Structure formats: structure tokens, C-alpha cells
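Read the structure below first, then the notes.
Here, residue 1 is the first one in the sequence, and each next residue gets the next number. Here the structure is a predicted model, which means the values were calculated and not measured.
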Amino acid sequence: MTGPAVPFREIILKVHSRCDLACDHCYVYEHADQSWRTRPKTVSDHVISKTAQRLAEHAKTHALPSVSVILHGGEPLLAGPARLRRVCEEFGSALSGVAELDLRIHTNGLQLSPRYLDLFDEFDVKVGISLDGDREANDRHRRFADGRSSHPLVLKAVELLKQDRYRHLNLGLLCTVDIENDPHAVLDALVALDPPLIDFLLPHATWDEPPPRPDGSPTAYAEWLLAVFDRWQEEGSPVPVRLFSSLLSTLGGGPSLTESLGLAPTDLVVVETDGQLEQVDSLKSAYEGAAATGFDVFSHSFDDVAAHPGVQARQLGLAGVSETCRRCPVVRSCGGGLYTHRYSSADDFDNPSVYCADLEALVRGVEARTSAATVSPALTHRHELVAEQHDLTRTLLAALHETLDGRGGARWDEAWETAGDLEVTTEGAAGLDRVLAHPYTRTWLLDVLEGLHAERPEAVGQALRLPSYVAAATVRAGAGPEVAADYRDGRLFLPTLGELRIGASGEAGRVRVRATGEGFTVRRESGPESLIVLSGEGGPRWHPVRHFALGDTPGFAVDDLDPYRDCFEAPAAPRLGPAEAESWTAALGRAWELLEQAAPEQAADAVGRLTTLTPLLDGRNTGRPHGYGSVGLAVAVRDSEELALALLRGLRRTRLRALLDITDLYALDGAWEYRLPWDRNTEVPFSGLLALTYERVGLAFLDPAFMAGVPEALDMMDAAAEPTVGGKRLLGSLRDEARGVHGTSGMNTRANLVDQEPVR
């Protein structure tokens, strides 16, 4: 199986093929591949210049903004300062004007001195040092050939790198795990050195040569790392740990931060001292020649290597892991483990990692320890969801201001300044909040931002609706400065308030809006009519947004005016006539009574969540994003039961969409397909299964028949790889909701597992 080649963004250049230590866990010297014996000790000028040339060509071909070059070995410092300077100069020259160059070196630190660090400072070469913990831990493997300890010299190098003049070059410490070492002592020793980063690495092993397990535990490495994790958390996470950061990222739906975990395609290639181009050199642990490609920098480009089957196999993401891994719920986080660790002579690399049990236990252990702290509070508290939605809208408004970058001119600047003035008073801030919280304000902001990024010529004009939003905010505040706003096509729309007919169709101009105690006034800046006085009542020119009252509650706005309300799966209806509006709201009233009787908790919840109802026509439409609190309902529907179901369906959809706006509930959506338990002929991705199940649980408050298939769907999603920590919290609350409200039995069963397997 192959796919499009992923360009290399990182190369490892072997500048020296020998080492001054005799580490017994080294994959270069102590494992299956012994090709180092036939390679030149030091990289030549010809290899350096040709590699730099190849990398520059590759970066230019793929328009890469940056590339990393990691100087490696053996022990790269044995190449000497002159050779390392040549490397820095050649790559700096070749990449100049092509891509930003990130130079790094990974070393055991024994040879590190001010002479090297002054050179690295000149070329901004970042330095990573290998250290396995305290002296006892480090001496278990990292010794000289005669058995002497390397620990004092490594500490000397670390202290040198911590000096103020070199601190900016410090990449951090790389620690290879040995479960015979005390995990707390190892972490404490590393943290005490105050590195910018710690990276824990599992020792290289395969199914043919499995890692040592002195106590026989299949999860011994997970237990060791979780002990480190617990200590790390107890101490307040004093130093970033790449392994833990990667797990927390993937559990939350983000990317992996290390090659050893996650499903991101590989984007590195190795250049040996003789110019041979190889795959990641940890493969040397598998068998002789496992890393070889048969290519070299003299005759082949990096694109040639990227197309190599061995490299392509590590670029397939989920498709590149074994079938066992594809069925595993933690595959998004562990990614099947490091490619090397999957090898067996029987099945090549088509296996789970030899650390499979460890990785699963580690992922689940970190998840169990952190889920409560990392899950968005919006998943459990309605007011938090409302607040986060409001923050999102304000963030989008700030992004629009920044993206315009002055293109809005004086009209934008005046409205922006007035909005800032409103913020300083309680009434003004409340008025502005009310307008920004309107669901279709979000649609306006997203439309304008999309237009600006796409360089659509009308986008700046769309942005200049801001004065109308600010004018509406001053009216809602009951006081404030006079606000200049534009009317278009003879109409001035004030969001959340209504529409004023000012002139003939096609006419455009400017007015000034001022709030008064009884309403507001609108004054033309030019034209025959100089002043229009309005109160809260409607009239031949003023068409207010109607409201659907609910007893003593504020009720909902019935918005059939907002120009951005056409954001549902069916088209928005035009302004309803008085008789039609009265008939429709009467039907809504009957539906609401039914909802209160059959599902009082859902009705009470709706009062807190729903702000706006918009009538819709029959037909299909492309739904667009909108803010929290809006539901569209067909204006033709008058049956109270049908309207109640539609209202409840809309409430469930809008809440799930609002949650997805602010938190990742799943990742890798679409990698698997699932058969719907209530419709075995239909397959959907995880997102579809979640949305439909979430909706059906809500609808079952009115009609218990909708619970059919819900337990099976929840079981499928619980066993799936897609849900994040937040997604699992939502599934738990959804299961509780179904069990508690409907008294559903068997909610924790895994019945019909054959039918529930995802379609792959």
C-alpha cells in the first residue's frame, strides 16, 4: 500500500560514525545492523555539500518554510570543531533564501566545551544531551569501554550548557528507560538539572529480541513511566516531558509530539557518513540492512527516498498499522508504537509494538489521572458553555479587527472605539453582550473572515456592518453616543431589534442612531428626511423582531429579519405576515405545553439555552455555522407533536454543535465507518453516530421509541478510537442521561458485538 510521498522536513546527518562510550543499549553498535563497521569515521566535504544541495532542492520543490538538520553519530562531537563548522556553513549557505534552517546536535556531552558552544552559538545550533538519570541509573548502561563512569563528565556538559551565554542553545535531556532504575530518583535527578525539556525513550527492542522484563510483568514499562508521571504531577510538572505532553495532546484530539507515538507520517531521512540515504536508524535494531534504501546523495534526490516502499510504509498513518492496532481504542495515542518495535522475522512490521501492553496501560493510565482536569467544564455546566461561546464570538470579533488591518477605514475605527466606550459602563457592556451573543452575529463574523482570507472584494463592505451592531448595543443599553451606521437597499437592520425602512429599494446611505429613554432616534446624514423618531412599537417603517413569550420567562426572539439567519439545513422564510406569525406562534405555544408536560427537564433546559427561533421554508439548504442558542423550525408545520419533536431535535443539535465549537470531542473522524443500530443498511463516521445518538436520547423524552439502538450505539462509541477525553466524558453523561431518565436496562452491556464492529 502506497500513497503520496510526504516531503522530508528533517534530516539526520551522521557526521561521525564512532563513539567514545560503549553503551550496551546502543542501536548503532550493539544491535542487529553492524554496517557502521564499513563506513568512514567522519563525513566528507563532498557528502556535506551534496547533502546541503539536495536538501535545498527538496525544500524549494515542496515550498517548505523550514527544515531541521540534526547532527548525529556515533558521537558527533568527535568530528571536531572544524568539520562541524563546515557543516554549518554549507547548510546555511545552501538554505539561505530557500527555507529557515533549524540546526541541532544530539550528543553524549563528553567532549562538550566552550570551544564547541561558541561555534554553536555562532550558527544557532541547539544541543540535546543524553543522560539516563542519577549516577547509578546512568552508569547502568552509559560507560566507557573500560567500565569507567561517564556521569561526572555529562553533568559537567549540562552545567556548561546552563550558563547564561549558552542557555538559549539548550534542547534538553534524552533519557532511555531502564525499569531496574528507581523512577523517582531518575526524574528527580533530571529535574534538578533544570533542562528545558525531558524526553523519555523506550529501549529499542523487537518481537525477536523483546525488552527485558525482570519481574515478568507485561506492563512493567508502563508502570515505571506512570510512576514518573505521578511524581511529575505531584511536583507541579516542573519541566516539560515530551512523552507526557504527546499523550495529553492526543488524548485531547491534538497531534502527537514525538515519532515514537501517534499516527503522524514520518518526515525524516538519515544521511550516513558515506552519503548513503537511509530510513530512521532505529531500524538497525531489527535486522541487518533494515534501514537501507539503496540510495545515496550523489545519485538520488530526497524525493526518491520519500517514494521508497519502506519510507512510504511509515507515512500511511492508520493504514500503516496492523489490523490488531486498527481495532484498538488507544491507537490514536500510541499509533502502534515506534515502527522499529513492531518487527518480527515472522511477520515483518505487520504487528503491534512489542511494547503493546505497556503502551495501552500508559495511555489509559495518563487518561485516568488527567481526565477530570483536562475536560472542558462546558461539558458539565450550562453556564460555562454559554460563557465559552460568548468568549469565542468576542475572539472572532478581535480577529476580524486584526485581519482588516485598517482596511475598514474611519467608519470601522469609529464603531470599534464606540464599542470600547460601551464596555466601561454596566449598561453599555450588557447591551454589547446581548448583541454579540445573538446567534447570527457569529455567522456574520465567520462569513466576513472567510471572505477576507479569500480576498473577496465585498468582504470589507460586509465587515462595515459593525456600526449597526454597535448601534443596536447602545439602544439596548438605553443610552450612549450617537452611532453612525449604513443602510442598504433602503433598509437599516439593527441586530436583535428589527428593521427600519428608510428609503426606496436599491437606496443606500448613512444615518446616525441615538438611544433615548423610550426607544431611539434615527437621523439621516443627507436627504429630504432629517429625523425619524421611534419607540418600541412597530409601524409602517419599523418592523421589530417579534418575541414568543413563555409565561413569566423572557421567552424567545422570533427572528425572521436578520440577514445572516439563512444558516440552517432548510432555507430561512421571509418576514412572516401578522396573521401567519400569530398562527405559527400559537402552534409553538401548543408544542411548548406538550414539551413541558412530557419532558419538563428538557423544557426547563431549553429556557436556559435557547434565545432565538427562526421560521424555515420547505427544501434543502447548506447549513452555515451560527452561535449558540438558535433553532430553525418549519413555518408550515402546525402539528404540536411534530413541532415539539422538531424543537427538541434543534435543541440537541445546537448544543452538540456548540460543544464542538469549543472542545474536541473526537479525532480521526472518518477513519472507521459504523452501522447504525437502528438502520443496519446505513454506515456513518463516528461524528454521525455521535450526533444521531445524542439526538435520539433527547427525542426519547417525547417518544421512547427513539431509545431503540441507543445502548448499542453507546457501546460502539465507548470501544472506538476516535473519542477524546472530552468525548468520553460526553458519552458517560449521555449514558447516564439515557439510563436515569428512561430507566433503560443493559446500558453497560456489550451485546451483539459482531453487529457492532465498525466497518473498515
Side-chain angles (χ1 to χ4, degrees), residues 3-16 42-73 76 79-107 116-128 168-171 255-259 264-281 291 293-308 310-312 314-315 453 455:
V6 175
F8 296 117
R9 290 174 172 81
E10 182 174 295
I11 71 164
I12 294 175
L13 177 63
K14 297 298 190 77
V15 295
H16 202 279
T42 307
V43 66
S44 69
D45 288 350
H46 191 29
V47 170
I48 295 170
S49 61
K50 196 64 180 178
T51 304
Q53 177 189 332
R54 292 293 190 191
L55 182 58
E57 291 171 353
H58 192 68
K60 188 172 183 179
T61 298
H62 297 281
L64 301 179
S66 63
V67 290
S68 294
V69 177
I70 301 173
L71 310 183
H72 215 280
R83 177 93 344 216
L84 295 178
R85 173 177 289 278
R86 179 62 181 267
V87 171
C88 296
E89 289 175 343
E90 285 281 356
F91 278 90
S93 175
L95 273 299
S96 179
V98 176
E100 183 178 347
L101 175 61
D102 172 27
L103 280 168
R104 303 181 175 203
I105 188 167
H106 287 174
T107 173
Y116 280 108
L117 288 174
D118 288 341
L119 170 67
F120 298 155
D121 182 38
E122 181 181 346
F123 292 96
D124 196 28
V125 182
K126 304 297 193 298
V127 182
H168 64 288
L169 302 176
N170 196 345
L171 271 180
S256 172
L257 307 177
T258 173
E259 182 201 3
T266 181
D267 61 357
L268 67 86
V269 62
V270 178
V271 182
E272 288 286 355
T273 54
D274 58 0
Q276 293 293 312
L277 292 164
E278 296 200 338
Q279 303 174 63
V280 59
D281 54 351
T293 64
F295 300 147
D296 60 60
V297 294
F298 310 112
S299 305
H300 304 91
S301 69
F302 285 141
D303 278 354
D304 292 332
V305 186
H308 185 277
V311 174
Q312 289 255 300
R314 293 168 49 241
Q315 296 183 341
H453 289 308
E455 299 183 350

Set of residues satisfying ring-ring contact (aromatic ring centres under 6.0 Å, His included) with respect to F302, sequence neighbours excluded:
H58

Only counting residues at least two apart or in another chain, list the ones meeting side-chain contact (heavy atoms from CB on, under 4.5 Å) with S256.
S246, T250, T258, L261

Between L71 and F120, is there a side-chain heavy-atom distance shorter than 4.5 Å?
no

Please step through side chain to side chain contact (heavy atoms under 4.5 Å, CB included) for the pair D281 and K14, ending with a clear verdict.
CA-CA 10 Å; D281 54 351; K14 297 298 190 77; 2.7 Å; yes

Test side-chain hydrogen bond (donor to acceptor under 3.5 Å, both in side chains) applied to S68 - qualifying residues, sequence neighbours left out:
D102

Ion pair check, K60 and E57, cut-off under 4.0 Å:
no

I'd like to check the salt bridge (charged side-chain N to carboxylate O under 4.0 Å, His left out) partners of D304; sequence neighbours left out, ordered by chain and number.
none

Considering residues at least two apart in sequence or located in another chain, which fulfil the side-chain contact (heavy atoms from CB on, under 4.5 Å) criterion with S44?
H46, V47

At their closest point, which heavy atom of A94 faces which heavy atom of A52, and how far apart are they?
CB-O, 3.6 Å

Minimum heavy-atom distance between A79 and L84, given as atom pair plus value:
CB-CD2, 4.3 Å

Contacts of K126 that satisfy side-chain hydrogen bond (donor to acceptor under 3.5 Å, both in side chains) - sequence neighbours left out:
D124

List the residues meeting side-chain hydrogen bond (donor to acceptor under 3.5 Å, both in side chains) with E259, not counting sequence neighbours, and say none if there are none.
R314

Verdict with supporting geometry, F8 and H62, side chain to side chain contact (heavy atoms under 4.5 Å, CB included)
CA-CA 9 Å; F8 296 117; H62 297 281; over 6 Å; no

E100 meets the salt bridge (charged side-chain N to carboxylate O under 4.0 Å, His left out) criterion, sequence neighbours left out, with none

Output yes when a side-chain donor or acceptor of R104 lies under 3.5 Å from a complementary backbone atom of H72, and no otherwise.
no

For G310, is there any backbone N or O sitting under 3.5 Å from a side-chain donor or acceptor partner on H308?
yes

Only counting residues at least two apart or in another chain, list the ones meeting side-chain hydrogen bond (donor to acceptor under 3.5 Å, both in side chains) with Q276.
none

The salt bridge (charged side-chain N to carboxylate O under 4.0 Å, His left out) partners of R83 (sequence neighbours excluded) come to D45

